[in-house]
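Below: the structure, in structure tokens.
Start at 1 and go down the list; that is how both ligands and their atoms are numbered. All values below were derived from every heavy atom in this structure, side-chain atoms included, with hydrogens, water molecules and symmetry-related copies excluded.
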Amino acid sequence: MADSAQTQELVYLVTGGCGFLGEHVVRMLLQREPRLRELRIFDLHLGPWLEELKTGPVQVTAIQGDVTQAHEVAAAVAGAHVVIHTAGLVDVFGKTSPETIHEVNVQGTQNVIEACVQTGTRFLIYTSSMEVVGPNIKGQPFYRGNENTPYEAVHRHPYPCSKALAERLVLEANGREVLGGLPLVTCALRPTGIYGEGHQIMRDFYHQGLRLGGRLFRAIPASVEHGRVYVGNVAWMHVLVARELEHRAALMGGQVYFCYDNSPYKSYEDFNMEFLGPCGLRLVGTRPLMPYWLLVLLAALNTLLQWLLRPLMLYAPLLNPYTLAVANTTFTVSTDKARRHFGYEPLFSWEESRTRTIRWVQTVEGSA
Ligand SMILES: NC(=O)c1ccc[n+]([C@@H]2O[C@H](COP(=O)([O-])OP(=O)(O)OC[C@H]3O[C@@H](n4cnc5c(N)ncnc54)[C@H](O)[C@@H]3O)[C@@H](O)[C@H]2O)c1
Ligand SMILES: CC(C)[C@@H](O)CC[C@@H](C)[C@H]1CC[C@H]2[C@@H]3[C@H](O)C=C4C[C@@H](O)CC[C@]4(C)[C@H]3CC[C@]12C
């Protein structure tokens with residue numbers, strides 16, 4: 001990108017810009033990227049909130065489109081300086097078929113890459129996932145690891161398989177010549193479990209607790225640590241990478257970075273209670289209330305029920321064999337690669353992240 005620190009002349013495209021993370025990336029760009037002239041938001045489902053963004057100095061262009069449709073992607077990418085590709089199917093609950101997950105997450109990403117090459121967009125940031133690494137099918141813990149920690153990343157589930165494939169496509173595309181003869185510069189960010197305003201799974205846990213009389217029942221040992229990162233800090237990391245990728249292409253191009261902040265290491269359930277507790281819920285049990293084999297049985301029963309009910313309705317509970325295995329396997333990161341490579345520091349402290357999330361849960365339908 002030409003030096004445009006003082007002028008508004010850059011065009012950004014955010015795919016999945018109406019999703020949980022995407023919306024925070026969009027809002028963060030409008031707040032913290034002064035060089036923006038146009039912000040394109042590409043999504044299968046456009047949110048009504050986009051209208052409120054069209055009153056500012058930046059041209060906000062909402063594009064309803066499907067990343068699986070190459071021509072729609074190419075039309076949206078053409079003329080953009082930077083693409084932040086967050087669009088994807090985050091489905092570990094069996095809501096969609098493995099084929100659809102692959103089509104959106106892998107083919108959709110390939111379409112974005114080819115659109116950059118064909119139209120001359122030089123900077124592509126991909127929202128990958130911790131699940132590209134693990135937990136693996138052997139349930140091996142990843143304890144406060146970093147981007148270089150050896151770990152056998154072996155997956156069977158369609159979602160992590162699709163994220164791993166897509167990430168590899170993005171990293172391998174680094175250096176490809178784009179229209180105009182300059183090289184494509186790519187980078188992949190790997191958030192751990194994102195939390196914050198708009199997190200659907202947190203909303204689901206909250207509603208489950210309300211249905212159970214204000215109680216949730218511990219299923220996972222408190223000793224199983226699960227990495228979590230605040231959505232505002234993930235969004236900030238995306239904005240920062242997009243800003244620094246041009247000037248640090250040799251260092252950052254083709255690299256992966258875990259998304260991290262100062263959120264505490266806790267079990268998935270205990271971490272959720274940091275927000276659900278102040279909103280009136282109680283986690284029953286200092287140890288899992290059921291033996292693990294019974295949870296395995298219930299998870300398998302949920303899979304059977306999902307299959308039997310599919311012709312009538314979508315039954316997609318939080319507990320299934322995959323979510324149980326992931327929840328029950330320690331996976332936490334401890335790294336400073338993003339700080340070393342592009343000066344990332346979390347924008348929001350743990351206290352701020354927690355307060356913002358609690359305030360959001362308090363606005364969730366059904367809250368007291
Ligand atoms: N939520 C997490 O904990 C987490 C953690 C790590 C990585 N990620 C990654 O972050 C990205 C965003 O995740 P999220 O949690 O915000 O999910 P989300 O479902 O809230 O957002 C995904 C967005 O992509 C859009 N989308 C889906 N299919 C599309 C298609 N075919 N064409 C165009 N748009 C499409 C959806 O409409 C949605 O707005 C995903 O790539 C996900 O893998 C999420
Ligand atoms: C019913 C209990 C066993 C309960 O504890 C299950 C929790 C389970 C739904 C979540 C536990 C870990 C979560 C995943 C993790 O945070 C990382 C992810 C990567 C990201 O790219 C997508 C979301 C997810 C797969 C996330 C999904 C929910 C959990 C499995």
Side-chain angles (χ1 to χ4, degrees), residues 14-26 41-47 63-69 72-73 76 84-93 95-96 100-101 103-105 107-109 111-112 126-135 155 157 159-160 162-164 166-167 188-196 198-205 208 216-221 224-231 234-235 238 258-259 267-272 283 288 290 292 295-296 298-299 302 316-332:
V14 179
T15 73
C18 292
F20 164 46
L21 172 61
E23 180 178 350
H24 285 268
V25 171
V26 164
I41 296 145
F42 181 94
D43 203 302
L44 202 56
H45 308 295
L46 295 179
I63 306 168
Q64 193 281 328
D66 185 341
V67 290
T68 67
Q69 301 304 306
E72 293 181 10
V73 176
I84 298 177
H85 176 37
T86 83
L89 278 182
V90 184
D91 181 17
V92 292
F93 303 105
K95 295 178 179 176
T96 53
T100 303
I101 292 172
E103 191 186 6
V104 173
N105 293 355
Q107 187 54 52
T109 299
N111 289 342
V112 170
Y126 173 60
T127 311
S128 182
S129 169
M130 61 174 253
E131 292 225 333
V132 167
V133 176
H155 305 291
H157 192 280
Y159 174 74
S162 71
K163 295 302 287 185
E167 181 188 280
L189 299 182
R190 291 173 176 170
T192 52
I194 307 175
Y195 69 94
H199 188 208
Q200 182 56 47
I201 297 172
M202 185 73 70
R203 190 186 275 118
D204 293 343
F205 271 106
Q208 186 179 72
L216 290 169
F217 302 95
R218 185 184 295 276
I220 304 297
V224 178
E225 285 187 351
H226 234 269
R228 305 295 287 274
V229 61
Y230 177 59
V231 64
V234 178
H238 281 74
F258 277 120
C259 298
S267 76
Y268 196 83
E269 294 168 330
D270 287 305
F271 193 90
N272 287 350
L283 181 62
M290 293 182 196
Y292 190 68
L295 283 167
V296 171
L298 289 174
N302 278 339
L318 288 166
L319 175 65
N320 65 50
Y322 183 74
T323 62
L324 178 60
V326 173
N328 213 55
T329 308
T330 286
F331 194 101
T332 46

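- With Ile194, Thr109, Val231, Val234 as candidates, the residue nearest to atom 44 (C) of ligand 1 on a non-hydrogen basis is Ile194.
- Within the 4.0 Å heavy-atom shell around ligand 1 one finds Tyr159.
- Taking the six-membered ring where tryptophan is involved, the planes of Phe205 and Tyr268 are tilted, since the angle between them lies from 30° to 60°.
- Looking only at heavy atoms of the protein, atom 4 (C) of ligand 2 is closest to Phe205 CZ, 3.9 Å.
- If you number the atoms of ligand 2 from 1 as listed, the ones under 4.0 Å from a heavy atom of Ile201 come out as 27 (C), 28 (C).
- Closer than 4.0 Å to atom 12 (C) of ligand 2 lies at least one heavy atom of the protein.
- Closest to atom 5 (O) of ligand 2, if we only count protein heavy atoms, is Glu269 OE2, 3.4 Å.
- Looking at atom 15 (O) of ligand 1, its nearest protein heavy atom turns out to be Phe20 CD2, 3.7 Å.
- Here the shortest heavy-atom distance to atom 24 (C) of ligand 2, taken over His157, Glu131, Arg190, belongs to Glu131.
- Of all the atoms in ligand 2, the ones that sit under 4.0 Å from a non-hydrogen atom of Ser129 are 19 (C), 20 (C), 21 (O).
- Under a 4.0 Å criterion applied to the non-hydrogen atoms of Ser128, ligand 1 contributes the atoms 6 (C), 7 (C), 8 (N), 9 (C).
- With respect to atom 1 (C) of ligand 2, the closest heavy atom belonging to the protein is Leu319 CB, 3.9 Å.
- Heavy atoms of Gly198 stay at 4.0 angstrom or farther from ligand 1.
- The proximity of Arg228 to ligand 2, defined as any non-hydrogen pair under 4.0 Å, does not occur for either the backbone or the side chain.
- There is a side-chain donor-acceptor pair under 3.5 Å between Gln200 and Asp204.
- Of all atoms in ligand 1, numbered sequentially from 1 with element shown, those under 4.0 Å from a heavy atom of Val104 are 28 (N), 31 (N).
- Of the protein's heavy atoms, Gly19 CA, 3.4 Å lies nearest to atom 21 (O) of ligand 1.
- In terms of polar-atom proximity, Thr192 is not counted as a contact of ligand 2, lacking any N or O under 3.5 Å from an N or O of the ligand.
- At a heavy-atom distance under 4.0 Å, no atom of Ile194 approaches ligand 2.
- Here Thr192 contributes atom OG1 and Glu131 contributes atom CD; the two are 11.0 Å apart, rounded to the nearest 0.5 Å.
- Heavy atoms of Lys163 found under 4.0 angstrom from ligand 2: none, in either backbone or side chain.
- Considering each of Ser128, Gly193, Pro191, Pro317, the one bringing a non-hydrogen atom nearest atom 16 (O) of ligand 2 is Gly193.
- Given atom 25 (C) of ligand 1, the protein heavy atom at minimum distance is Asp43 OD1, 3.4 Å.
- The nearest non-hydrogen atom to atom 32 (N) of ligand 1, considering only Val67, Ile41, Leu46, Asn111, comes from Val67.
- Ranking protein heavy atoms by distance to atom 22 (C) of ligand 2, first place goes to Val90 CG1, 3.4 Å.
- Each of the atoms 20 (C), 21 (O), 22 (C) of ligand 2 lies under 4.0 Å from some heavy atom of Tyr159.
- Rounding to the nearest 0.5 Å gives a distance of 5.5 Å between OG1 of Thr86 and CG of Leu21.
- Atoms CD and CZ, from Glu72 and Phe42 in turn, are 5.5 Å apart once rounded to the nearest 0.5 Å.
- Protein heavy atom nearest atom 6 (C) of ligand 2, with residue, atom name and distance: Ala327 CB, 4.1 Å.
- Nearest protein neighbour of atom 8 (C) of ligand 2, counting heavy atoms only, is Thr323 CB, 4.0 Å.
- Between Tyr195 and Tyr230, the ring planes are tilted. Angles from 30° to 60° get that label.
- Note that the CD atom of Gln64 and the CG atom of Leu44 stand 6.0 Å from one another [nearest 0.5 Å].
- Within ligand 1, the atoms closer than 4.0 Å to a non-hydrogen atom of Leu21 are 10 (O), 16 (O), numbered from 1 in the order shown.
- The shortest separation from a heavy atom of Cys18 to ligand 1 is under 4.0 Å, placing the residue in contact.
- Within the 4.0 Å heavy-atom cutoff, Tyr322 does not count among the residues contacting ligand 2.
- Near Thr86, meaning under 4.0 Å from one of its heavy atoms, ligand 1 places the atoms 11 (C), 12 (C), 40 (C), 41 (O).
- Per-residue contacts place Gly65 under 4.0 angstrom from the following atoms of ligand 1 (heavy atoms of the residue considered): 32 (N), 33 (C).
- The protein non-hydrogen atom at the shortest distance from atom 14 (C) of ligand 2 is Val326 CG1, 4.3 Å.
- The proximity of Lys163 to ligand 1, defined as any non-hydrogen pair under 4.0 Å, is limited to the side chain.
- Residue contact check: Asp66 has heavy atoms under 4.0 Å from atoms 30 (C), 31 (N), 32 (N) of ligand 1.
- Taking a cut-off of under 4.0 Å to the non-hydrogen atoms of Thr127, the atoms of ligand 1 that pass are 9 (C), 10 (O), 11 (C), 41 (O).
- For the residues Gly88, Ala76, Gly16, the heavy atom positioned nearest atom 22 (C) of ligand 1 is part of Gly88.
- The closest protein non-hydrogen atom to atom 15 (C) of ligand 2 is His226 CE1, 4.0 Å.
- Each of Asn302, Leu319, Leu318 was checked for a side-chain contact (heavy atoms from CB on, under 4.5 Å) with Phe93, and the lone residue meeting it is Leu318.
- Here atom 29 (C) of ligand 1 lies nearest to Leu44 when heavy atoms of Thr96, Thr100, Val90, Leu44 are compared.
- Here the NE2 atom belonging to His85 is positioned 8.0 Å from the OG1 atom belonging to Thr127, to the nearest 0.5 angstrom.
- Atoms of ligand 1 found under 4.0 Å from any heavy atom of His45, numbered from 1 in the order shown, are 37 (O).
- Rounded to the nearest 0.5 Å, atoms CD (Glu103) and OG (Ser162) are 12.0 Å apart.
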>> Applying side chain to side chain donor-acceptor pair (under 3.5 Å) to Gln107 and Asn111, what does each step give before you reach the verdict?
In response: CA-CA 6 Å; Gln107 187 54 52; Asn111 289 342; 3.0 Å; yes
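- Ligand 1 has Thr192 within reach: a non-hydrogen atom of the residue lies less than 4.0 Å from it.
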